[in-house]
Structures are given as C-alpha cells and as structure tokens.
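First the structure, in the form of structure tokens, and then the observations on it.
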Amino acid sequence: MPDAASLEAEIGSWRSQYETLSQELNSFRQTSAADKEAAVEAARQDGRTSAMAEITDRLVHAELRAHAATAGVELPAQDFLRLDAFVGEDGAPDTGLIGDFVSSLPAPVRTPAFAQGLGLGRQGGPAADQLSREDLSRMSSREINEARQAGKLNALLYSAA
C-alpha cells in the first residue's frame with residue numbers, strides 16, 4: 001500500500017500536468033478563435049470585393065450614361081468600351097475620367113428623321129403664320145383688314161407687349 005507522501009507527490013504531478021494541459025488548451029482556444037476571426041474577416045472582405053466587382057460595371061455604365069445625357073452626346077456601344085478603365089483605385093467609378101471621356105465625344109448632328117414642311121398641318125410655335133410689324137408697313141389697309149380677319153395679326157393684337 002502506498003504511503004501518503006507518495007500519493008501527495010502523485011497528486012501534485014497530476015495537478016501540474018492538469019495546469020500545463022489547461023494552459024495549452026486555453027492558448028489553443030485563443031489561437032483557434034483568432035484564426036476563426038481572421039478567416040471570417042477574410043471571408044467578409046472577399047464578399048465585399050466580389051460584390052463590388054459585380055456592380056462596378058453597372059455603376060460605371062450608369063455614370064457614363066448620366067454624363068452623356070447631361071452633355072447631350074451619344075455613347076458608343078457598351079461592347080466597345082473598356083469599363084474597367086473608368087474605375088478608380090478604390091474600386092468605385094472615377095467621375096473625373098468619365099467626364100473627360102464624355103467631353104471628348106463629338107456632339108451629334110441633329111437632323112430631323114423626316115422631311116419637314118410638307119404641308120402636314122401647323123409647323124412651329126404659336127407665332128406661325130403671324131405677320132410682323134414690318135409686314136404691316138408694306139401692306140395696304142384692305143390687306144391689313146383681311147389679315148386681321150384671317151387671324152394673322154393675333155400675335156400683335158393680343159400680346160402683352
């Protein structure tokens with residue numbers, strides 16, 4: 001039968017091993033938790049990066065359209081644009097680059113799609129077919145009365161000026 005001193009020594013040995021293993025377990029848990037937090041943060045960053053990459057092209061194209069609409073120019077087809085050239089260091093659209101590009105585009109020549117003035121009805125604003133004071137100075141009294149009856153003097157007679 002073992003004596004009390006040897007049992008206490010064995011208990012002390014076991015207690016020492018327990019404390020050592022407990023410290024190792026705590027350090028392992030802390031390391032594991034730090035690794036998990038780092039992994040979670042890396043996953044979050046990857047998610048942000050991939051989400052930003054997905055919407056960056058849409059954001060750049062929307063900025064291009066907005067600048068083009070403001071400037072009154074027409075953009076080339078999206079297939080011919082390198083949209084990544086308009087992305088800044090932070091991954092967001094670079095409005096300075098977009099503005100420079102849009103301002104370099106030629107202004108479109110505006111020509112009517114269909115021939116104008118074909119007798120298709122009233123063309124122009126409310127002053128269409130109205131006579132001016134200069135026209136009246138070259139007309140006789142009878143012509144002036146006929147023009148008034150035809151409504152060609154309404155702009156002169158009923159204007160606020």
Legend entry - Reported CG-to-CG distance for the pair Asn26 and Leu21, which is rounded to 0.5 angstrom: 11.0 Å

Inset, instruction - Report yes or no: do Asp100 and Ser103 form a side-chain donor-acceptor pair below 3.5 Å? - result: no

Inset, instruction - Taking His67 for its side chain and Glu63 for its backbone only, find out whether a donor-acceptor pair lies under 3.5 Å. - result: yes

Legend entry - Lys/Arg-Asp/Glu bridge criterion (N-O < 4.0 Å) met for Arg138, Glu134: yes

Inset, instruction - State whether the side chain of Thr70 and the backbone N or O of Ala66 hold a donor-acceptor pair below 3.5 Å, judged by distance alone. - result: yes

Legend entry - Phe80 CZ to Leu75 CG distance, which is reported to the nearest 0.5 Å: 13.0 Å

Legend entry - His61 NE2 to Asp57 CG distance, which is reported to the nearest 0.5 Å: 9.5 Å

Legend entry - Phe86 side, atom CZ; Asp84 side, atom CG - distance, nearest 0.5 Å: 9.0 Å

Legend entry - Pairwise side-chain contact, Val60 with Leu64, heavy-atom cut-off 4.5 Å (strictly under): yes

Legend entry - Atom pair CD1 (Ile11) and OG (Ser16), whose distance is rounded to the nearest 0.5 Å: 13.5 Å

Inset, instruction - Drop me the distance from Leu153's CG to Glu146's CD, to the nearest 0.5 angstrom. - result: 11.5 Å

Inset, instruction - Quick one: closest heavy-atom pair of Ala147 and Leu131, and the distance? - result: CB-CD1, 3.5 Å

Legend entry - Any Arg15 side-chain heavy atom under 4.5 Å of Glu19 side chain: yes

Inset, instruction - Check whether any side-chain N or O of Gln130 sits under 3.5 Å from a backbone N or O of Asn154 as a donor-acceptor pair, and report yes or no. - result: yes

Inset, instruction - For the pair Ser50 (side chain) and Asp46 (backbone), establish whether a donor and an acceptor sit closer than 3.5 Å, ignoring hydrogens and angles. - result: yes

Inset, instruction - Indicate yes or no: at least one non-hydrogen side-chain atom of Arg148 is less than 4.5 angstrom from one of Ile144. - result: no

Legend entry - By side chain to side chain contact (heavy atoms under 4.5 Å, CB included) - contacts of Ser6 (at least two apart): Pro2, Asp3

Legend entry - Crowding at CD, Glu74 (>12 non-hydrogen neighbours, <6.0 Å): no

Legend entry - Closest non-hydrogen atom pair, Val102 against Ala71: CG1-CB, 3.9 Å

Legend entry - Over all atoms of both residues, closest heavy-atom pair of Pro76 and Leu81: CG-CD2, 4.0 Å

Inset, instruction - Write down the atom of Leu59, the atom of Pro93, and the distance for their closest heavy-atom approach. - result: CB-CG, 3.6 Å

Legend entry - Min side-chain heavy-atom separation Asp135-Lys152 under 4.5 Å: no

Legend entry - Minimum-distance pair of heavy atoms, taken over all atoms of Ala85 and Leu97: O-CD1, 3.5 Å

Inset, instruction - Look at atom CZ of Arg48 and say whether more than 12 heavy atoms of other residues, nucleotides or ligands are closer to it than 6.0 Å. - result: yes

